[in-house]
Structures are given as structure tokens and as C-alpha cells.
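Take a look at the structure below.
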Amino acid sequence: MAQISLTFPDGNSREFDAGITAAEIAAGISNSLAKKAISATVNGAHWDLQWPINEDAEIAIHTMKDDAQALELIRHDCAHIMARAVQEIWPATKVTIGPVIENGWYYDFDREEPFTPEDLALIEKKMKEIINKREPVTTEVWERDRAVKFYEANNEPYKVELIDAIPGDEPLRMYWHGHWQDLCRGPHLQHTGQVPGDAFKLMSIAGAYWRGDSDRAMLQRIYGVAFQNKEGLKKHLHMLEEAAKRDHRKLGKEMDLFHMQEEAPGQVFWHPNGWRIYTTLQDYMRRMQDKDGYVEVNTPQVVDRKLWEASGHWDKYQENMFIVEVDEEHAREKAINALKPMNCPCHVQVFNQGLKSYRDLPLRMAEFGSCARYEPSGALHGVMRVRGFTQDDGHIFCAEDQITSETAKFIAFLSKVYADLGFHDWTIKLSTRPEKRIGSDESWDFVEKALGDACKAAGYDFEILEGEGAFYGPKLEFTLTDAIGRDWQCGTLQVDPNLPERLDATFIGADGAKHRPFMLHRACLGSFERFIGILIEEHAGKLPFWLAPRQVVVASIISDADPFVAEVVDALKAAGVRAEADTRNEKINYKVREHSLGKVPVILAIGMKEVEERTVTVRRLGEKQTSVVSLDEIVAELSKSATPPDLL
RNA sequence: GCUGCUGUAGCUCAGAGGUAGAGCACUCCCUUGGUAAGGGAGAGGUCGAGAGUUCAAUUCUCUCCAGCAGCACCA
């Protein structure tokens, strides 16, 4: 028998017969390791304890203490155990796939009857039974024909289709959890009892297309989460509760920021409080862009389809545009317009007015452009995904040799804005040429390199998303991570040589000839609607003072203090602070509770003591402790807090 | 758009084949109270829209609209 040499994590190597399994190696080390082992890593690959090892390798044996491997196996075994449970309860159910995802797994089923929330409890109970049986997990490699015949005989057409999609040279692996069997890449645990029965939970049922294709069958997906122990599960469920508390739709109502209604689905009715945030943010962006050399423009909402045909949007996105038909009395033809879904074609029209010289470039054109897109109904989500929104849009018209420096300039701009808004954790992704594209490879080479170089020059690393670019050019995507670890793609910068061509934008070069400018599409916040949603969730409603719609409530403790309350409010307002009086006939407890729930950052309480001393008692949101400060002092302090970061 | 669920007072929700209820909010009265709900009274609803079944529908059925979760989509 051939010998192989295995190297352990401590650096020691030992000889073994080829074909030995990690389970056998573990057993050779100690009884307890044999029991505790869950899987191995063999030459970097996650390896099932049962799989033979046939060549020299570096090997490590894992136990539940190895988080990454443990979680993967627990979740993957949960998927199988859940599928087995479902088929035991409803034998006619067809199985499809069940991968591990963040925090858990899902499994897609084909079954006539829909699953109900009550079914989840049933399935969980059955899963616990299976776990308690501690049945062995076993695996075999099967011949293709045998596997296909097997699944055909068992009426599992989805599995047959999966086998067809697996490349011919890959072994087909069958796994058994007790008597139940599934086609699976593996690896898996040693027996069902290794899954912690108290650390998983079935979460929800949802529809999902077979193979993610909306033209194919709609399956039923069950989601679950699983961890190594009860505490992990508890922590996760707690995190979900926290996320629910931050939901901008809930906070939007509680803080009286905005509402939506049936008559205008996907569009926001901004209330005074929400509009405060919006205008504060917009004023800030306007100042920042102004400082960064942008000119601001404004372009029409309703634009004839001819322009959209010329830009190419009509072809591609007609379905998603709001169409406006105008039947003018004397017009021969009905005019067909569309609400603008984006601003770029209009910006090219502005650019095209008058001859442009190379001396005008780079021309940075910005618009807080209100756009309308007919988003599919199922995509709508609070203010995060809407049909009417305003982008902090901008287009930089430039020559090819300005792309790198303009990109670097934008990254610096964006980094300042994100920092001012409290986001320090963000990343860049570079999406490169897709399969279907226009333009020469040389031009793609150049532009992709320009974007990458600009990132590097600015000191930022980036991840490459191969083939994810737009058909006309590559793009940078800026993704920020919020306080509870969720990622939001906000900023973008896209190089576009196509639209200037289609809409015939030109400039006169130093050589006196006409040249085609490049266009850089760029946005920093993305849309105000969505970004405000993110801000609300990031801060759980407790916005930084300068962005808070209601900054200070001055509350009287006794009505004799009312005149001084009015004086304090006036002084704060004069100093640029959003202050309001609360002189209602209510106790201070009541007022504090109400304004705390309303996320007002500062409450100033005023009783007779304060009136006499011309002071205020300050209570900050989230703090129980109060402090007494003179009127002049608090006005100076809050006036500073209310100043936007770019004006400090 | 697809699958499933949901739609009752301003908000959060209960309820039932015989046309509705709670708490909070609101209005009025009493209370002037020192940091997360003081007491009392009152007003408030075409039960998402339309059609059907029924003696009778807000309740059952169908269609539509909107929302929620996920999928698909996101120039």
C-alpha cells in the first residue's frame, strides 16, 4: 500500500497508508478527539472525516471549537435534517437545494400545499427527534447513471436536473442522515447528534424561484438559523430585535418624519420633521459640492420619449418608466413623454448648449435630481426603495487623461462626506467589463486601470467584481457598514464613453478639432430618501445634533416659568438652534418621557429655581443625569452643536 | 412581477354571519406637579375598495388595491 505523509498544525509529519480517513487519524490520536472531531482541513479544503486522503497533505482536525468549520457543518446538517423532517411529515414533498447562508441555512421545497407558520413548530419538533436519535451520517460516491435512475425512481426531478448541471468529471456524492439521503457536496458531521438541538430555530417561509430564475417554478423556502450553542442563538435573536427597533419605517412614524399611502405607492410624504433632515442634508451637500467645484443645475421632470430613445433608455428600461401621454388639442400625434428616471441625458443637453472648449473641462455638473422609476411592487421598502426619489447626482465631463484625477478627487470628496455623516467604515468595489459590452478592449483596459489607480493613489484598497460593470463602462461602488454590521451601497462612480457618443456631446480640443468627452456618473449619498433611511437606522433615530429635526425642547415645570421658557427658546432660535417650548399643563415626567420617545436630543427643564438664577437644567437623550447650566453657556454650546460639520 | 401572510379609531391591537371594542393619542374639566405616563369626563370607525353567496356580510367566496417577509429586479 502506498504511503502518504501528513503534516499536522504543530509542524510534525507522519506517514500513513494512502486512503486513510481523518476519522481514523483522530481515533489514532485519542478517543476523546475521535468523538469530538467534526471535520478536517486537508490542503486548504474542508474535508469530511469519512473521505479518504490519498496524497501528501497538510491536515488539521476540527472540533466544535473551530468556529468557521463548526458553524458551516451545523448549518449544513441542519438543512439536511430539516429536509428529512419535512419529507417524513409530508412524504410527497420534493427536495431541491439547501445551502448554508449567513447565520443559518435555507432549503427549497416543491410541495402543493403552502407551509404555514404552525408547520415550522412541527418541523422543529421532528428535527429535534432526528437529532436525538444520533444517527450516523454516511457518504458514498455514486455513478451518474445510478444517481439519475435513483432520483427518477424516487420522483425527485429537481435532483436529476442538478446532476445534469454538475460537470462530468466531478464525483457525485450521496449523503445519508440515518435512512434519509441527499445529493450533496459535503462535508458533514459524524452523526445527527452533533447538531446542538437547542441552538437552532426555523425563522420564516418564503417563495423562491427554482435556480433563481423568475421564469421557472416558484418553490417554498424555509429559512433557519443555527449556532454552536444556545447563547449564540439567543444573541442572534436579540440582534434581530435590535434591528427591528431601528427600522426606519417604525421610527419614521414615532418621530413623525414621513408617511406613505395607497394613492402614491413608493413615494414619500415628508412631514415637517423629516423634511428638516432632508433639507439640512441637502444644504450640507450643496455647500460641499460647491466647494468641490461643481456647478448646480436643474432639469425637466417630463421629457419627450425622443430623448430617451436617443439615450438608449427607452429600449432597455421602458417597462420601468412612468409614461405620460399628452393629448394636445391641435396636435396630430399624441406626445409621449416619460418622467425622468435619471438625470444624465438632461445633463448632456445642458453641456451641449454652446461650444465647449477643452479649457471648460473637467466640467462638474450637479443636480439634486428628482427621478421617478416604476419599481416592481415587491421591491418597494419604506424610503429605502421607492418610485420617486432625489439623487445627489453629478456628471463630470472630462477628457480621457482627466479620469484618474477626477476619480481621486471624488473619492476624497466622498470620504469627507461619509466622515462628516458619521460613517468611517466603508469599502470600494471595482466592477469590471461584463460579457455583453460596447467599446474596445484597449479602452476598457485603460479605464479600468484608471479607476483602480485612482483608488490606490487615494490610499484605498478595493475588491474587484469581475464582469459586474455596466455595459458601457466600469464602475466603483462605495459601500458603508452601519452600526449593526449591515452593508449599504450608496456612492457610485461610473465611467461612460457611451452616452456622450449617443447624444453627440463634443468639445473643442487644443488642436482645434472636435473631441468626445468622457462622462463620469457619480453619486455620493445615492438618493436622499434611501440615505435618510440609512441614517435613521444607523443611529436608531438618535441623529447627530446638527441633523436632528427637533434639537431642543424647553419644558416648563411650573406655569410661572413660561415667560422664561419663551425667552430661552427665542435665544436658542436666534443662535440657530431648532428649539421649541413645551408649556403644556403636564408634569415634567410626562414631558421628559414624551420627548425622549420622540428622540429629541436635549431637553431643558425650567422651574422657579432656574427662573431666579437664569439657568436651565439640561437632560440629554439617553442620560439620566441632569446638569444645571447658565442660559448664556447653553446657548453657546448648543449653537456650536447645531452647526453642520463643514461650517465648524 | 412571483409565492405566502396581512389590512378594524390618529397609533398599537382585540373581536365576531345579526352593522364594533381596549390602551395610548385627541378635546374639555380638575390638578402647578422637579426628570420616562397625575385624575376624571367626552368625542372619534362606510371594519382597504368592488362584486358575489345569504333574510342579513365588516366577518364567508372572488377580483382589485396597498402593506409585510422572501424571491426576481434595481439604468
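Every chain is numbered from 1, with letters handed out A, B, ... down the list of sequences.
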**Prompt:** Using a cut-off of 4.0 Å between protein heavy atoms and nucleotide atoms, how would you tag nucleotides 34-48 of chain B 5' to 3' with B, S and -?
**Reply:** BBBBS----------
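- Note on A:Lys94 versus A:Glu161: no salt bridge recorded, every NZ/NE/NH1/NH2 to OD/OE distance being 4.0 Å or above.
- Distance, A:Leu380 CG to B:C2 P: 14 Å, rounded to whole Å.
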**Message:** Output the pairing pattern of RNA chain B as a dot-bracket string, 5' first, Watson-Crick or G-U wobble with both distances under 3.5 Å, | for cross-strand pairs, [ ] for crossing pairs.
**Reply:** (((((((..((((....[..)))).(((((.......))))).....(((((..]....))))))))))))....
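- Remark: ring of A:Tyr317 overlaps the six-membered base ring of B:A75 in a stacked fashion, centroids less than 5.5 Å apart, planes less than 30° apart.
- In terms of phosphate contacts, A:Tyr223 brings a side-chain nitrogen or oxygen within less than 4.0 Å of OP1 or OP2 of B:C71.
- Inter-residue side-chain proximity for A:Leu535 and A:Phe423 is flagged as met; some heavy-atom pair is nearer than 4.5 Å.
- Under the salt bridge (charged side-chain N to carboxylate O under 4.0 Å, His left out) criterion, the residue pairs touching residues 468-477 of chain A are A:Lys475-A:Glu477, with sequence neighbours excluded.
- Here A:Arg385 does not reach the OP1 or OP2 of B:C73: none of its side-chain N or O atoms lies under 4.0 Å away.
- The side-chain heavy atoms of A:Leu251 and A:Lys542, taken from C-beta on, include no pair separated by under 4.5 Å.
- Salt bridge status for A:Glu309 with A:Lys306: absent, with no side-chain N to carboxylate O gap under 4.0 Å.
- Put simply, A:His259 has no side-chain N or O that comes within less than 4.0 Å of OP1 or OP2 on B:C11.
- Under 4.0 angstrom from either OP1 or OP2 of B:G1 there lies no side-chain N or O belonging to A:Ser214.
- In this structure, A:Arg276 places its CZ atom where only 12 or fewer heavy-atom neighbours from other residues, nucleotides or ligands lie under 6.0 Å away.
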